[in-house]
There are 2 protein chains.
Amino acid sequence: MNIGEAATRSGVSAKMIRYYESIGLIDAPARTAAQYRVYADDDVHTLRFVRRARDLGFSLEETRELIALWRDRSRASADVKKLAMAHVRDLEAKAAELKAMADTLRHLAAHCHGDHRPDCPILADFAAQAPTQGKA
Amino acid sequence: MNIGEAATRSGVSAKMIRYYESIGLIDAPARTAAQYRVYADDDVHTLRFVRRARDLGFSLEETRELIALWRDRSRASADVKKLAMAHVRDLEAKAAELKAMADTLRHLAAHCHGDHRPDCPILADFAAQAPTQGKA
DNA sequence: CCTTGACCTTCCCATGATGGGAAGCCCCAT
DNA sequence: ATGGGGCTTCCCATCATGGGAAGGTCAAGG
């Protein structure tokens with residue numbers, strides 16, 4: 001099949017498929033005489049694997065490692081689990097960070113009248129002195 | 001003061017100060033005869049405002065709007081609150097998304113032995129068919 | 001057989017925010 | 001006057017993705 005069909009079937013855009021090939025994340029497929037890339041079902045399978053890893057927030061480099069582990073029949077499941085759990089901690093840390101920002105802002109907004117008056121604790125906070133340390 | 005001191009005092013790197021100036025987020029400061037940028041206390045104040053907005057996850061474009069609102073004494077606090085709450089929802093949505101990924105992965109990892117054996121439900125899930133729809 | 005349109009190819013550019021580093025000038029203290 | 005640190009501009013890299021141009025290809029229908 002051509003790249004368009006592989007894209008549709010895998011959920012990875014043709015643009016990205018070419019890119020993944022260029023960085024060596026996936027193997028270069030065979031070509032027709034006219035240089036068209038030709039994919040097999042197994043390639044689509046790999047692309048879906050990549051898609052799933054990306055959807056779960058793994059970087060392309062991490063995805064590269066995951067593919068290697070996937071291909072390596074002799075790897076221990078502990079290796080995979082270790083990588084996965086490290087990523088879980090990353091994700092949770094980032095989520096917590098975003099949540100903290102949201103909470104701070106929500107708190108500031110709660111004290112903002114939100115009416116026609118100009119006074120606003122949100123901007124007042126932003127404009128307050130002290131970068132991080134206390135004491136200007 | 002020179003850009004280095006403004007950077008230290010505001011918590012914004014000299015590199016970023018120049019960048020913010022180049023995109024018109026902040027005003028171009030006066031220059032010495034030797035083209036050195038000269039900042040006043042008020043400029044540091046603005047830079048700290050930007051820093052705070054960035055720390056709370058606002059994009060530079062949103063920060064631009066916030067500065068405009070900050071400078072506009074006649075704006076209604078409702079305008080600020082609206083922008084802030086929209087951002088809070090953004091942050092919370094992103095946090096929830098990351099949390100969902102983490103939960104999914106944590107769940108998969110929970111079923112992974114994590115020992116010397118090669119079988120791993122994590123990779124098995126990644127390699128499973130079906131992109132998003134059910135049914136291959 | 002030729003046209004049309006959908007598909008493919010490569011190549012370059014843009015995003016958003018930031019950092020790194022080079023080449024060259026400037027300023028102050030010793 | 002010399003040295004070192006700070007300043008200037010300019011270009012490049014990151015990370016993952018999309019947009020689009022210019023040109024070749026293939027299949028279907030007239």
Side-chain angles (χ1 to χ4, degrees), chain A residues 1-26 28-40 43-44 47-67 87 90-91 94 97-98 101 131, chain B residues 1-26 28-40 43-44 47-67 87 90-91 94 97-98 101 131:
Chain A
M1 79 194 81
N2 284 342
I3 199 170
E5 191 180 342
T8 305
R9 288 220 245 158
S10 65
V12 177
S13 73
K15 209 94 190 194
M16 280 304 101
I17 294 177
R18 292 193 197 98
Y19 175 63
Y20 293 163
E21 179 190 328
S22 81
I23 62 171
L25 182 69
I26 59 176
R31 301 273 189 141
T32 64
Q35 291 303 103
Y36 279 29
R37 289 173 178 78
V38 182
Y39 296 91
D43 297 320
V44 172
L47 285 170
R48 279 181 184 161
F49 181 99
V50 173
R51 180 67 151 79
R52 179 71 171 142
R54 298 285 306 124
D55 283 348
L56 286 176
F58 286 95
S59 69
L60 289 182
E61 280 317 303
E62 287 167 330
T63 300
R64 191 192 296 275
E65 290 181 59
L66 288 169
I67 291 177
H87 184 54
D90 262 21
L91 289 171
K94 276 179 201 153
E97 205 178 315
L98 292 179
M101 293 181 198
Chain B
M1 79 193 79
N2 283 342
I3 198 169
E5 190 180 342
T8 306
R9 289 221 245 158
S10 65
V12 177
S13 72
K15 208 93 192 197
M16 279 303 104
I17 294 177
R18 292 193 196 98
Y19 175 64
Y20 293 164
E21 178 189 328
S22 82
I23 63 170
L25 182 69
I26 59 176
R31 300 273 188 141
T32 64
Q35 292 304 100
Y36 278 28
R37 288 174 179 78
V38 181
Y39 296 92
D43 295 321
V44 172
L47 285 170
R48 279 182 183 160
F49 182 99
V50 173
R51 181 68 151 77
R52 179 72 171 142
R54 297 287 303 124
D55 283 348
L56 287 176
F58 286 94
S59 70
L60 290 182
E61 280 317 305
E62 288 166 330
T63 300
R64 192 192 295 276
E65 289 181 60
L66 287 169
I67 292 178
H87 184 54
D90 262 21
L91 290 171
K94 275 177 202 157
E97 206 178 314
L98 292 179
M101 292 182 200

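Here is the naming used below: chain letters follow the sequence lines, and residue numbers restart at 1 for every chain.
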Is there a side-chain contact between A:Tyr20 and A:Thr63, using heavy atoms and a 4.5 Å cut-off? no
Next item on the list: Give a yes or no answer on whether the side chain of B:Glu65 reaches the backbone of B:Glu62 with a donor-acceptor pair at less than 3.5 Å.
Entry: no
Side chain to side chain, B:Met16 and B:Val50, heavy atoms closer than 4.5 Å: no
Under 3.5 Å between N/O atoms: give me all the protein pairs with nucleotides 11-16 of chain C, atom names plus distance.
none

Is there a side-chain contact between B:Ile3 and B:Tyr36, using heavy atoms and a 4.5 Å cut-off?
no
- Query: If only atom types and distance count, is the side chain of B:Arg48 paired as donor or acceptor with the main-chain N or O of B:Arg9 below 3.5 Å?
  - Reply: yes
Side-chain atoms of A:Asn2 come closest, of D:dC7, C:dA17, C:dC8, to C:dC8
Scanning both residues in full, the closest heavy-atom pair of A:Arg54 with A:Ser59 reads NH1-CA, 3.7 Å
NA contact type, B:Thr32, heavy-atom cut-off 4.0 Å: base, sugar-phosphate, or nothing?
-> nothing
Between A:Ala34 and A:Met16, whichever has its closest DNA chain D nucleotide further toward 5' is A:Met16
Taken to the nearest whole Å, CD/A:Gln35 to C1'/D:dC26 is 15 Å
A:Arg31 side chain vs A:Arg37 backbone, donor-acceptor pair below 3.5 Å: no
Rounded to whole Å, CE of B:Met1 lies from C1' of C:dC27 at a distance of 18 Å
Taking five pairs at each terminus, the helix from C:dC1-D:dG30 to C:dT30-D:dA1 shows an axis bend, to 10°, of 30°
Compare side-chain N and O positions of B:Arg37 against OP1 and OP2 of D:dT8 and report whether any pair is under 4.0 Å apart.
yes
5'-most contact on DNA chain C (nearest-nucleotide basis), B:Ser13 vs A:Arg31, goes to A:Arg31
From the candidates D:dT17, D:dC26, D:dT8, the one with an atom nearest any side-chain atom of B:Ile3 is D:dT8
What I want to find out is whether B:Arg64 reaches B:Glu61 closely enough, with some N-O distance under 4.0 Å, to be called a salt bridge. yes
Close side-chain approach of B:Tyr19 to B:Leu25, heavy-atom, < 4.5 Å: no
Regarding the side chain of B:Tyr36, the nearest nucleotide among D:dG6, C:dC8, D:dT9 is D:dG6
